[in-house]
Number of protein chains: 2
Amino acid sequence: MRIGELSRRSGVSVPTIKFYLREGLLPSGELTSPNQANYTDAHLRRLQLVRALIDLAHLPVARVRDVLESLDSDSLSLRGRIGAVHRAVTPAPQPAADDGARGAAEAQVREFIEKRGWAVEPDAPAIATLVETIAVLHSLGREDLADQLDTYADAAERFAEREVTAVASRPDPDQIAESVVIGTILGERLIAALRLLAHEHVSARLLDRPSAPSHRTETTE
Amino acid sequence: MRIGELSRRSGVSVPTIKFYLREGLLPSGELTSPNQANYTDAHLRRLQLVRALIDLAHLPVARVRDVLESLDSDSLSLRGRIGAVHRAVTPAPQPAADDGARGAAEAQVREFIEKRGWAVEPDAPAIATLVETIAVLHSLGREDLADQLDTYADAAERFAEREVTAVASRPDPDQIAESVVIGTILGERLIAALRLLAHEHVSARLLDRPSAPSHRTETTE
DNA sequence: GCTTTATGGATAGTTATACTCTCCATATGA
DNA sequence: TCATATGGAGAGTATAACTATCCATAAAGC
């Protein structure tokens, strides 16, 4: 197919597709003449993935490129791929806590990882995010959340076990690579959305039922 | 304190603080004369919260303003506040799936919520995100993830129960409001970071141990 | 065969966001 | 008293993500 059909089928405008081609988010089609190229279903699929990463996961274009590059390099093992996706997806966090709080958080995280027996590289980008988040939680007085790390980690471990198993069982290496990307990034959105809904449900159950008389914004059930 | 000290103590530059004042992210200090104002520890704290939302949660300034407005309106119940924070935090997702996939996803989500007995408003923003995410998962061939909704929801419910309880037990209504914001937004980062670490750990355990000789981070298989 | 539309490729322009800079009249502090 | 800081307002800047315009050529419709 040519760019027009690719555009129609994906819902992405032709100029935007051209932009993605320039930015390396989409490989160019096979040229049949100097100004005609042939795009395949693989291009369509890739384009859908790009839109998912940009529109749904809100990754910046530069990060999407990083993700896709690691996806296309076939010299990586599954574990290597997972690491590459993590690095592409997790930017080094802007420092948002003061150094004191960060130091304490670092110690807490180190201890936590050791207690858990988690085999992770000490410079994994997620660790920096975790440290910064905990440091901020402490300086904002929500140490209770930071102290529940194990509760969250238990669930995270269960998720990870299922997810890694599911991904590893795919037959085709290309599918594996793509699945890592999709599962890591869209899975996060899924969990976040469900958590918000659960908040609504639980707050309705715990807070409206027992006492409180009339709310306005909400229908009282 | 005056703006200089606020800047030194928060690590935020004076021009940026002025920008936040203009944008309504920070209430102005009490004027003692036409060009002298007095800032308090509450300002410092608010500023730290703003930086956390911007640097750590990557909320755009306009969203931060929405969040803080709902935080400052004291006419809302706890449940109302939670809803307001959700709305401020969850942008309507860009359509990233085709209409067919979205329709199917909508049905799946409706059924799922009913089966769970979750009392949520049908136009909760998280539902739209959930629908769009599931639609994309389907059109990218990862229906297995979308089919595990209950696994994720079980965990989300456990999280929510703890979190809502913790927040509701705060004595001061102002603290409650702020806790909702912090817990909702930073809690998500916490969970996401732990999930990534768990991925690393689990992939090391499941994939390196069984067979493969020595990985270093790359190659082999 | 001829006109209209579409295409690949390149370059320039646009919009939005998040600051950052410059002024100015006034206030503070050494 | 005089350099420095302040509140407030307006203009300027950097970056990201498109969007528009050109052009020579190719395909499609008549």
Side-chain angles (χ1 to χ4, degrees), chain A residues 1-40 43-44 47 49-68 88 91-96, chain B residues 1-40 43-44 47 49-68 88 91-96:
Chain A
M1 80 188 94
R2 287 182 303 163
I3 204 170
E5 192 181 343
L6 187 60
S7 167
R8 240 172 298 111
R9 289 225 263 161
S10 64
V12 179
S13 75
V14 171
T16 299
I17 294 178
K18 287 185 172 184
F19 169 69
Y20 290 161
L21 287 166
R22 285 201 300 279
E23 294 293 311
L25 304 194
L26 198 63
S28 28
E30 196 194 356
L31 280 180
T32 61
S33 74
N35 74 337
Q36 293 294 301
N38 213 26
Y39 299 94
T40 66
H43 288 95
L44 177 57
L47 192 48
L49 180 59
V50 167
R51 291 313 306 193
L53 297 182
I54 288 176
D55 290 339
L56 222 53
H58 303 296
L59 290 196
V61 165
R63 284 255 135 48
V64 173
R65 184 174 42 233
D66 295 346
V67 170
L68 296 177
Q94 300 291 114
Chain B
M1 80 188 91
R2 287 181 304 163
I3 204 170
E5 191 181 344
L6 187 60
S7 167
R8 239 171 298 112
R9 288 224 264 161
S10 64
V12 179
S13 75
V14 170
T16 299
I17 294 178
K18 286 184 172 184
F19 169 69
Y20 290 160
L21 287 167
R22 284 202 300 279
E23 293 295 309
L25 303 195
L26 199 64
S28 29
E30 196 193 357
L31 279 180
T32 61
S33 75
N35 73 338
Q36 293 296 300
N38 213 23
Y39 298 94
T40 65
H43 288 95
L44 177 57
L47 192 48
L49 180 59
V50 167
R51 292 312 306 192
L53 296 181
I54 289 176
D55 290 339
L56 223 52
H58 304 296
L59 290 197
V61 164
R63 283 257 135 52
V64 173
R65 183 173 43 233
D66 295 346
V67 169
L68 296 178
Q94 300 291 115

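Values below: all heavy atoms of this structure, side chains included; hydrogens, waters and symmetry mates excluded. Letters A, B, ... are given to chains in the order of the sequence lines, protein chains preceding strands, and every chain is numbered from 1. A quick note: this is a predicted structure, and the numbers were derived from the prediction, not measured.
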Over 12 foreign heavy atoms within 6.0 Å of CD, B/Glu5: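 Check passes, neighbour count above 12.
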
Least distance between heavy atoms, A/Asn38 atom then A/Met1 atom: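 Looking at all heavy atoms of both residues, the shortest contact is OD1-N, 3.2 Å.
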
Of the candidate nucleotides C/dG9, D/dG7, D/dA27, which contains the atom at the shortest distance from the side chain of A/Leu31?
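Nearest to the side chain of A/Leu31 among the choices is C/dG9.
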
- Task: Please tell me if the side chains of B/Lys18 and B/Ile3 come closer than 4.5 Å, counting only heavy atoms from C-beta onward.
- Result: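 Result yes, sub-4.5 Å side-chain heavy-atom pair found.
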
For residues A/Glu23 and A/Arg65, report the shortest heavy-atom separation together with the two atoms involved.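 Minimum heavy-atom separation between A/Glu23 and A/Arg65: O-NH1, 2.8 Å.
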
Nearest to side-chain heavy atoms of B/Asn35, which nucleotide of D/dC18, C/dC19, C/dA25:
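Among D/dC18, C/dC19, C/dA25, the one nearest the side chain of B/Asn35 is C/dA25.
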
Closest to the B/Ser33 side chain: C/dG8, C/dC19, C/dA27?
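Between C/dG8, C/dC19, C/dA27, the one nearest the side chain of B/Ser33 would be C/dA27.
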
*asked:* What residues from residues 58-65 of chain B pass a heavy-atom cutoff of under 4.0 Å to DNA chain C?
replied: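 Heavy-atom contacts with DNA chain C come from B/Pro60, B/Val61.
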
**Asked** A/Phe19 has a side chain; which of D/dC18, D/dT6, C/dG9 sits nearest to it?
**Response**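 Selected nucleotide (nearest to the side chain): D/dC18.
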
### Message
Would you say A/Tyr20 places a side-chain N or O within less than 4.0 Å of OP1 or OP2 belonging to D/dC18?
### Response
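For D/dC18, OP1/OP2 do have a side-chain N/O of A/Tyr20 under 4.0 Å.
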
Map A/Thr32 and A/Ile54 onto DNA chain D by nearest heavy atom, then report which one ends up closer to the 5' terminus.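 Looking at the nearest nucleotide for each, A/Ile54 comes out on the 5' side.
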
**Q.** A/His43 vs A/Leu21 side-chain heavy atoms within contact, under 4.5 Å
**A.**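 Of all side-chain heavy-atom pairs linking A/Leu21 with A/His43, none is under 4.5 Å.
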
- Task: Check every atom of D/dT6, C/dA12, C/dT20 against the side chain of B/Ser13 and return the nucleotide holding the closest atom.
- Result: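 Taking heavy atoms from C-beta onward, the closest nucleotide is C/dT20.
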
Inset, instruction - Name the nucleic acid region contacted by B/Leu21, choosing base, sugar-phosphate or nothing; use a 4.0 angstrom heavy-atom cut-off, strictly under. - result: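 Here B/Leu21 touches no strand at all.
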
Using the side-chain heavy atoms of B/Tyr39, tell me which of these nucleotides is nearest: D/dG7, D/dA27, D/dA26.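 Looking only at heavy atoms from C-beta outward on B/Tyr39, the closest nucleotide is D/dG7.
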
*Closer to the 5' end of DNA chain D via nearest nucleotide, is it A/Gln36 or A/Arg22?*
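Checking each residue's closest nucleotide, the 5'-ward one belongs to A/Arg22.
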
### Query
Where the side chain of B/Arg63 meets the backbone of B/Ala88, is there a donor-acceptor pair that is under 3.5 Å apart?
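Judged by distance alone, yes, a pair lies under 3.5 Å.
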
Under 4.0 Å, heavy atoms only, any strand: does B/Pro34 hit a base, just the sugar-phosphate, or nothing?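 Counting heavy atoms under 4.0 Å across all strands, the contact made by B/Pro34 is with sugar-phosphate only.
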
Looking at A/Ala37, is its backbone amide N or carbonyl O close enough to the side chain of A/Thr32 to form a donor-acceptor pair, meaning the two atoms are under 3.5 Å apart?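 Looks like no, no N/O pair under 3.5 Å.
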
Euclidean distance, atom CG of residue A/Asn38 to atom C1' of C/dA6 [Å, nearest integer]: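 It works out to 15 Å between those atoms.
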
